[in-house]
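Input: a single structure, listed below in structure tokens.
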There are 2 protein chains.
Amino acid sequence: MGITKSEHFTDHQNELANVLKALGHPARVAIVEYLIQHKQCICGDIVNELPLSQATISQHLRELKQVGVIQGNIEGNSICYCLNPQVFEQITQFMGIVIESVTKNKCC
Amino acid sequence: MGITKSEHFTDHQNELANVLKALGHPARVAIVEYLIQHKQCICGDIVNELPLSQATISQHLRELKQVGVIQGNIEGNSICYCLNPQVFEQITQFMGIVIESVTKNKCC
DNA sequence: AAATTATATCGTAATATTGCAATATAGATT
DNA sequence: AATCTATATTGCAATATTACGATATAATTT
């Protein structure tokens, strides 16, 4: 098979999984870290930063944009990308719930 | 190709990406949510909960265990799984840095 | 010790992801 | 309008993931 059975899971589970999957690649983590440091970027900045082709970087940026991790604004010739905080707040909330649950009781 | 160029990224980037990738599947999100509610589980509990085969559930549990999201303790016949808080604290820290960075300045 | 219960692993098919060269698109500059 | 610059898309090959049936392993019960 190879197809994830999304229809069996809740919207919340699918959405959260999609965002985490998008962040689950070292190049995309590196892009986010670049944006933490530089606040914004254009595709070419990342092409200069990472040892991947322009086509590959463009693809990674699209994936991050698709799940709302970054947003892009057209600026003349190029597209200015920056981080979208909302998604990270969602993830942090989920992680907080996990941590709260775990610290309450020891493991089996 | 299809092979991630891990060697070009830092250990931190690869490790974080691996954990996020492991959490980036709705079934594995569902397993974590089950553990939030029930504190612990055996493989069979999840098999009863999700519409996936025993073999598939076992595989998902192994992936979560491999990156340290859960830990398993042998208890007689079965294996008791529970959440490992450390990993989530790492992720939360990363998310916190992102949020802090973003709230400081507006997007382009 | 045979049967039962619980989980893991193997093998395999279907699908998804990663990466890149080549090409397309679109605004800016000359 | 031709050229340049920046990014996106297409097509493809290599690899990874997802899922499951069948089988293996290992402790428990009868």
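Convention: sequence-line order gives letters A, B, ...; per-chain numbering from 1.
With rounding to whole Å, B:His8 atom NE2 is found 13 Å from C:dC20 atom C1'. Spacing between atom CD1 of B:Ile42 and atom P of C:dA6 amounts to 6 Å, rounded to whole angstrom units. One can place CD1 of A:Ile74 at 16 Å from P of C:dT25, the figure rounded to the nearest angstrom. Taking atom CD1 of A:Ile70 as the reference point, atom P of D:dT7 lies 12 Å away to the nearest angstrom. Note: CZ (A:Phe9) to C1' (D:dT18) measures 11 Å, nearest angstrom.
Sequence neighbours left out, the pairs with a member in residues 53-66 of chain A that pass side-chain hydrogen bond (donor to acceptor under 3.5 Å, both in side chains) are A:Arg28-A:His60, A:Arg28-A:Glu63, A:Ser53-A:Thr56. Each salt bridge (charged side-chain N to carboxylate O under 4.0 Å, His left out) pair with one or both residues in residues 5-25 of chain B, not counting sequence neighbours, would appear here, but there are none.
Of the residues in residues 13-41 of chain B, those with a non-hydrogen atom less than 4.0 angstrom from any atom of DNA chain D are B:Lys21, B:His25, B:Arg28. Using a 4.0 Å cut-off on heavy atoms, the residues of residues 75-84 of chain B that approach DNA chain D are B:Gly76, B:Asn77, listed by number. Contacts of residues 45-63 of chain A with DNA chain D (heavy atom under 4.0 Å): A:Gln54, A:Ala55, A:Ser58, A:Arg62.
With sequence neighbours left out, the side chain to side chain contact (heavy atoms under 4.5 Å, CB included) criterion links B:Asn77 to no other residue. The ring pair (Phe, Tyr, Trp, His ring centres under 6.0 Å) test applied to B:Tyr34 returns B:His38, not counting sequence neighbours. Shown here are the side chain to side chain contact (heavy atoms under 4.5 Å, CB included) partners of B:Ile79, two or more places apart in sequence or in another chain: B:Ile74, B:Tyr81. Here A:Thr10 pairs with A:Gln13 under the side-chain hydrogen bond (donor to acceptor under 3.5 Å, both in side chains) rule; sequence neighbours left out. Residues satisfying the disulfide (SG to SG under 2.5 Å) criterion with B:Cys43, sequence neighbours excluded, are absent altogether. Partners of A:Ile36 under the side chain to side chain contact (heavy atoms under 4.5 Å, CB included) rule, at least two apart in sequence or in another chain, are A:Val32, A:Leu83, B:Phe94, B:Ile97, B:Val98, B:Ser101. By the side-chain hydrogen bond (donor to acceptor under 3.5 Å, both in side chains) test, A:His12 is found to be paired with B:Glu33, residues two or more places apart in sequence or in another chain being considered.
With rounding to the nearest 0.5 Å, the separation of CG in A:Leu64 from CG in A:Asn84 is 11.5 Å.
At the phosphate of C:dT17, neither OP1 nor OP2 sits under 4.0 Å from any side-chain N or O atom of B:Lys5.
Checked by atom type and distance alone, the side chain of B:Asp45 pairs as donor or acceptor with a backbone atom of B:Ile42 at under 3.5 Å.
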